[in-house]
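Take a look at the structure set out below.
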Amino acid sequence: MNVNLLIHRLKRLLLSRLPSRLWLVLTGIGVALSIVFYAAIAFSQQPVVLSMLMPALDAASARVVVEEFEAQNPNIRLNLVEGPAASNLIEDLYTSSFLLGDSPYDLVVMDVVWLPKFAAAGWLVDMTDQIPESELADFLPADLEGGRYQGRLYRLPFRTDVGLLYYRTDLLEQAGLQPPETFDDLLTASRTIQEAGEAQWGYVWQGRQYEGLVAMFVEVLSGAGGFWVNPETLEVGLDRPETLKAIEFLRNTVAQGVSPPGVTTYQEDEARRLFQSGNVVFMRNWPYAYPLGNEDGSAIQGRFDIRPMVHAPGQDGAGCLGGWGLGISHTTPHPEEALQVVRFFAGPQGQKLTALANGHLPTIRSLYNDPEIVAQYPYYPDLLEVLERGVLRPPVAQYAQASDILQRYLSAALTGRMNPEAAMKSAADETRRLLEAGAAAS
Ligand code: GLC
């Protein structure tokens with residue numbers, strides 16, 4: 001008997017035995033099952049979407065890396081949520097999303113200073129056994145260390161940062177001056193060039209009450225021979241005379257008309273835009289400002305250089321070490337895909353893309369000698385040395401609160417709302433109480 005005949009007989013048999021309503025119901029179930037079946041197939045082919053929050057400016061810079069990653073991994077889509085520019089505000093947003101329970105972020109884009117807190121709170125996936133040691137061998141040690149907590153790896157750095165002094169080569173040359181070494185050199189050179197009518201302002205820096213203020217301050221503090229918190233002993237140095245010397249330098253910049261009064265409201269990009277307008281001799285900023293200053297249409301294209309931060313006589317100039325990395329949120333339903341993103345962003349290909357496109361500093365040593373990168377940024381190899389001499393903000397689990405204390409009192413001292421000595425006495429006392437409470441609790 002052929003198949004058609006068999007089906008035909010079966011149908012007739014069923015039709016004759018089953019009441020027609022039941023037949024209809026069975027057909028309906030069949031159709032429904034097929035829909036579910038095909039929908040499941042279609043759904044399983046939908047890309048996984050992973051979300052991460054980052055400062056808006058950094059999200060824009062990350063586009064080149066995202067595009068390449070998505071092209072290579074069509075099963076994964078990245079949703080970059082743009083947040084405010086200040087690192088501490090992004091940290092607040094991540095923190096509240098974790099405290100509320102079900103964080104909407106699969107990946108955590110982290111500033112180096114948040115790691116101890118996030119890891120201690122259990123918000124991150126431990127990646128120690130998921131990334132082969134060989135993949136980590138060429139990372140700059142300080143950056144890699146910044147991703148570890150109690151010996152376990154929770155964050156892979158995809159960009160390092162170091163505070164630099166930008167200076168106008170043309171203006172200094174014209175005035176017959178050498179680039180400044182000391183705080184006083186910088187003030188004097190600024191005033192000379194301002195008085196000659198060659199520049200409206202001498203120096204722009206980050207004076208707003210936010211994380212960038214303390215990043216800038218640790219440089220001046222270290223250049224004055226002082227310190228904030230010793231991470232080994234938890235000693236606090238904020239009420240020592242060196243701290244007051246550091247504050248005095250910053251207050252002098254405004255008092256002497258070298259810095260605009262509005263500098264106490266500036267973040268990185270306000271300083272960068274003013275410097276790039278051509279009316280300023282010196283600027284403190286991170287390396288991202290370099291390629292922007294040299295872009296077509298910039299008033300300072302080819303007319304500036306970078307060097308280590310100024311300091312007090314007899315001291316060394318040191319830049320603050322910053323930087324960003326990626327970790328995996330403990331709430332993500334897609335930890336494997338998230339790990340692929342971490343490895344790509346922090347891997348040689350991702351880091352090279354963002355270095356070429358944005359001038360971000362890689363955390364992989366060999367990239368500092370990559371011919372394509374060096375051709376574009378001849379100063380990269382020299383930066384390795386500046387990075388090695390960098391100054392860290394204290395890597396303690398209570399960092400966010402310690403930074404908040406310093407931000408508040410320092411801002412009060414810089415804007416004249418408090419006398420610097422009283423402000424730093426209070427800042428030191430509060431920081432000591434915070435660290436003692438933390439030590440007692442652990
Ligand atoms: C840069 C640094 C980061 C720092 C921030 C302060 O993004 O990489 O470490 O906290 O600036 O504004």
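Predicted, not measured: the structure shown is a model, and the values here were computed from it. As the structure lists them, so they are numbered: ligands from 1, and atoms in each ligand from 1.
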Practice problem: Check ligand 1 against Tyr210 and write out every atom of the ligand that is under 4.0 Å from a heavy-atom position of the residue. | Solution: 12 (O)
Exercise. Look at the side chain of Arg251 and the backbone N and O of Ala413, then say whether any donor-acceptor pair between them is shorter than 3.5 Å.
Key: yes
Quiz item: Thr128 side chain to Leu153 main-chain N or O, any donor-acceptor pair under 3.5 Å?
Solution: yes
Quiz item: Can any side-chain N or O of Thr243 pair as donor or acceptor with the backbone N or O of Leu238 at less than 3.5 Å?
Solution: yes
Practice problem: Can you label the angle between the Phe345 ring and the Phe158 ring as parallel, tilted or perpendicular, going by 30° and 60°? | Solution: perpendicular
Exercise. For atom 12 (O) of ligand 1, find the nearest protein heavy atom and state the residue, atom name and distance (0.1 Å precision).
Key: Glu268 OE2, 2.6 Å
Quiz prompt | Subset of ligand 1 atoms that lie under 4.0 Å from at least one heavy atom of Gly322 | solution = 8 (O), 9 (O)
Quiz prompt | Per-atom contacts of ligand 1 with Gly212, taking only distances under 4.0 Å to non-hydrogen atoms | solution = 6 (C), 12 (O)
Practice problem: Measure the distance from atom 7 (O) of ligand 1 to every protein heavy atom, then report the residue, atom name and distance (to 0.1 Å) of the closest one. | Solution: Trp324 NE1, 2.9 Å
Exercise. Please identify which atoms of ligand 1 are closer than 4.0 Å to at least one heavy atom of Glu211.
Key: 10 (O)
Practice problem: Using modelled atom types only, decide if a donor and an acceptor are shared between the side chain of Tyr166 and the backbone of Trp286 within a distance under 3.5 Å. | Solution: yes
Quiz item: Backbone or side chain, does any N or O of Arg393 fall under 3.5 Å from an N or O of ligand 1?
Solution: yes
Practice problem: Mind telling me whether Trp123 and Phe118 have parallel, tilted or perpendicular rings, with 30° and 60° as the class edges? | Solution: perpendicular
Quiz item: What's the shortest distance from atom 4 (C) of ligand 1 to any protein heavy atom, and which residue and atom give it?
Solution: Asp111 OD2, 3.4 Å
Exercise. Look at atom 2 (C) of ligand 1 and find which of Asp161, Thr160, Ile90 reaches it with the closest heavy atom.
Key: Asp161
Quiz item: So is there a nitrogen or oxygen of Gly323 less than 3.5 Å from a nitrogen or oxygen in ligand 1?
Solution: yes
Quiz item: Below 6.0 angstrom between ring centroids: does that apply to Tyr105 and Phe98?
Solution: no
